[in-house]
Amino acid sequence: MSALRHPVLRAATRIPPSYVVFIVLLGALWVLKPAMMNPNILGTFARQVVPLGIVVLGQLLVISSRSIDLSAGGVILLVNYLISSGLLGGIDPLAVIGICLLIGLAVGSVNGFLVGKRRASAVIVTLAVSIVLIGLVEYLANGKPPGDVPAFFRNLYNARPAGVPAPLIFWVGLAIAMSLVLSRSVFGRFVASIGSNPVSAHFSGVPVERTVVAAHIIAGFMSALAGLVQTASIAVGSVRFGPELVMNSIAATILGGVIFGRGAGVWGPFVGVLCFALLFVVMTSLGIQEPGKLVVQGCIILLAAVFYGVRTKVN
Amino acid sequence: MTAVPLVSMTSISKAFGSSLALRDVSFELLPGTVHALMGENGAGKSTLMKILAGVVRPDAGTILRNGVPVQMNSPREALDAGVSTVFQELSLLPNLTIAENMFLGREPLTPSGRIDNAAMARATRETLKQLDLDLDPGRLVGGLTIAERQFVEIARGITANADVVILDEPTAALNAADVEILNRHIRALKSQGKAIVYISHRMEEIFRLCDVVSVLKDGRNVATVPVASVSPQELIAMMVGRDIAELFPPRGDGAKSAVALSLDGIRLTADSPPVRLDVHQGEIVALAGLEGQGQRELIRSIIGQYQPVAGTVEVKGRRIALPIAPASGVRRMQALGVGFVPEDRKDEGLFLDLSVAHNIAIGLNSRHSALSIARRYRDIIQDAIKSMAIKVSRPSAPVGSLSGGNQQKALLGRYLALGSDILLVEEPTRGVDIGAKAEMYKLLRDFANRGGAVLVLSRETIELIGLCDRLYVVHGRSIVAEMPAAGASEHAILEAALQR
């Protein structure tokens, strides 16, 4: 009996669970609100999760390298503040984007240095960095209400070349790039090796420290990109972002079949993010308000954590 | 007179994943005997004893304790049933005192329900005295020497009032004087009618101490005989399953060629003497001696995994000062053509869930910048699989699905594919079956015959003698003797090690 169940169970745990969840949610929507099965509406909802999707691209990279990044919230907040406060008012928007991306790289470098070289705990380091950044923004804002986001960003966000929302195109492009990096480059081989066994990676000649640092730098860069998209989407500044974004990024990554030190696939987590988008559609169409959505999101994160436990045991 | 066996294990089988560790093994312990359990690494000795100690549960078979069937579901239950174990890997908690360790999980209580520290200390002191140890029960175990810890473990077994005591390589960390004390206590336990299982690789101890010997090979019973009725050679033949001379390929011709690798003036610790050794092209050289005398530290110094106080390494004429930075040592040496094959293929060598192809090609990929496109190296991988006769259905199969011997070959294949001309090999045949051992020896010898240089260390002295051209005997973190492997014996090596 157990001999029969075992391989089946194993095979089942190899498919990213996000695929299953996605199909279930799609089916639920089709039954409950067939009218919502409309590319335009779905596209708009998918556009909402693009910041999450971009953070996940960085998250899956660090988690595949046996680390974690909890600093995305702080980076996004700082980027949002810089753009909406008017602090960089007179500067060319492209230069503003450049500055924001540099900040992402810098935060990623600090994370990477502390985690990769100093061997500090990734959870504590990246969480502390995030707290520092949030405090910094509150200090800079000094109680003043944040201002508006320049029209340049809003126009980019609302553009729909060939009917597809621009942020969606941007996200898919980034995901393809990340997928190619992981499957084709030497760097991708390094990440897969470290994910499988960091000690073996070291003895094979893989530059483990450097790879972990690079993964964190890329994750910081992704956080800054996500911050830009997020800022453009809400069109106003904010001193609060839902802390659930970081947790959601971890949940989507785990739902996508990437667990600490295993996987390195892009499309599982990608669909995991789409699950969140669909979830919002389903809940909105059922008239569930913000608090209810938070409860369900939390449940999904719990589900991901349970799944992570099961899968680690099976393997 | 036939006494009821204290323990009788019948038809025990146990599999770990796809590999069978024990097949239909039976084992019987009579009161008042010291029973040696022998076999090569991976023969199943430890698994059998872990089953008796309740650490591992058998897939099949029965255990009778004084003639009554029992189930040992946990170490606790085994201890309650009077089976006490001193494992190879010490199981004391360093941050607790000796007394706390001795009574862990069965602390005596005062009437008010608090732990009776005074009673614990008193009982501990008495037990230690029985073992001629004058240790304060309040000392932290972390501050004890390895030998003292070993005795505390044994004392713990005695306080548990066990009448079956399992000693797994108890003398590996002891010096001659401590071994003598231990032997005295083993004899004392024996005279009290207890049964002692004695696992050791040291022939002399077996013949001095034990009454009966059981030999396991590849997870099966080979024989159980009175020690007095066999010779050491016969025992080895039983363990190996054939005449060991057949296992090893012929040695090199002994013609001196250029030095490929030399270590000079390496001092592993501030007070250890400097070490010097050379490995020539076409030569296999061993670091032999008792376990844990610094062989591993010496070999790992070369790749920056151990930081010696001073010294230099010379690779094909290029001098490198030690210590080398841990983060970059492996890469630096690989660039110079030095491959390091780590001891523990599962934890330090392979990526078990990744493909055979990835495992072999990762070394080659590591030579390139992270930004470049990863090549597939299909030809090199096919070549390696074919030339090393790695049994695998396709290169994309995960390496963890292979047998131990084939995993070991895949690991070696990674460093051969790199085009290394110097190999540093730890435990070349750990936990692989006898056929795979012979193949590994042949692969290493072929490598040497092509002009490669090999520095190897192993727990199995017989292996080093058969495989190598020359041996350095390491003792007390320095080299105490050098001898040709042809004509060397375990006895001669031990003698050289302990002469000082």
Side-chain angles (χ1 to χ4, degrees), chain A residues 2-3 6-7 10 13-14 61 64-66 112-113 116-119 177 179-215 217-218 257-265 311-312 314-315, chain B residues 15 17 300 303-305 325-336 338-355 357-377 398-400 407 410-411 414-415 417-418 420 424 426:
Chain A
S2 69
H6 207 68
R10 270 196 179 174
T13 55
R14 236 177 258 144
L61 186 63
S64 297
S65 321
R66 300 214 166 202
F113 174 78
K117 297 266 184 200
R118 292 270 137 252
R119 307 279 160 96
S179 171
L180 286 177
V181 164
L182 286 177
S183 63
R184 294 289 149 80
S185 73
V186 169
F187 179 71
R189 297 285 200 276
F190 288 172
V191 169
S193 302
I194 295 170
S196 173
N197 184 339
V199 181
S200 298
H202 175 77
F203 284 128
S204 309
V206 171
V208 176
E209 284 186 5
R210 233 192 290 152
T211 306
V212 172
V213 172
I217 293 177
I218 294 171
V258 176
I259 54 174
F260 297 90
R262 202 170 278 270
R311 178 151 165 165
T312 330
V314 168
N315 287 300
Chain B
R300 292 201 167 205
I303 47 139
Q305 284 312 107
S328 59
V330 172
R331 286 172 67 80
R332 247 178 107 181
M333 283 298 155
Q334 276 185 9
L336 292 172
V338 181
F340 170 75
V341 186
E343 158 179 357
D344 190 329
R345 65 172 172 272
K346 287 196 163 77
D347 287 340
E348 301 177 323
L350 293 171
F351 308 103
L352 292 177
D353 55 333
L354 300 181
S355 66
H358 180 100
N359 274 281
I360 294 176
I362 184 64
L364 289 161
N365 273 317
S366 296
R367 285 186 166 175
H368 297 280
S369 146
L371 298 176
S372 51
I373 305 281
R375 286 175 49 196
R376 293 187 188 279
Y377 299 106
V399 85
Q407 288 184 9
L411 180 60
R414 176 193 299 159
Y415 300 98
L418 266 171
S420 312
L424 311 172
E426 290 180 340

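Proteins come first, then strands; the chains are lettered A, B, ... in the order of their sequence lines, and each starts at number 1. From a predicted model like this one, the values you see are computed outputs, not experimental measurements.
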Enter the distance from [X]:[atom1] to [Y]:[atom2] here, rounded to the nearest 0.5 Å.
X	Y	atom1	atom2	answer
A:Ser193	B:His358	OG	NE2	3.0 Å
A:Ser183	B:Ile373	OG	CD1	9.0 Å
A:His202	B:Ser328	NE2	OG	8.5 Å
B:Leu411	A:Ser200	CG	OG	8.0 Å
B:Leu350	A:Ser196	CG	OG	9.0 Å
B:Arg300	A:Phe203	CZ	CZ	4.0 Å

_I need the minimum non-hydrogen distance between A:Ser204 and B:Ser366, along with the two atoms involved._
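It is O-OG, 3.6 Å.
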*Region of B:Asp344 that comes under 4.5 Å of a non-hydrogen atom in chain A*: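 Contact with chain A is absent: no heavy atom of B:Asp344 under 4.5 Å.
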*Side chain, backbone, both or neither: which part of B:Glu348 has an atom under 4.5 Å from a heavy atom of chain A?*
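Contact with chain A involves both backbone and side-chain atoms of B:Glu348.
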_Using heavy-atom distances under 4.5 Å, tell me whether A:Ala201 contacts chain B through its side chain, its backbone, both, or neither._
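For A:Ala201, backbone and side chain are both near chain B.
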*Can you tell if the side chain of B:His368 reaches within under 4.5 Å of the side chain of A:Arg189, non-hydrogen atoms only?*
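No - every pair of side-chain heavy atoms lies 4.5 Å or more apart.
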*Worked check of side-chain contact (heavy atoms from CB on, under 4.5 Å) between A:Val206 and B:Ile362*: CA-CA 8 Å; A:Val206 171; B:Ile362 184 64; 3.8 Å; yes
*With respect to chain B, which residue among A:Thr211, A:Val186, A:Val199 yields the maximal number of heavy-atom pairs within a distance under 4.5 Å?*
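Most pairs with chain B among the choices: A:Val186.
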_For chain A, the option from B:Gly363, B:Ala327, B:Gly339 that forms the most heavy-atom pairs under 4.5 Å_ =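 The residue among B:Gly363, B:Ala327, B:Gly339 with the greatest pair count is B:Ala327.
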*Please step through side-chain contact (heavy atoms from CB on, under 4.5 Å) for the pair B:Ser369 and A:Phe187, ending with a clear verdict.*
CA-CA 8 Å; B:Ser369 146; A:Phe187 179 71; over 6 Å; no
*Using a cut-off of 6.0 Å, state whether more than 12 heavy atoms not belonging to B:Arg332 lie near its atom CZ.*
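No, because the 6.0 Å sphere around CZ of B:Arg332 holds 12 heavy atoms or fewer from other groups.
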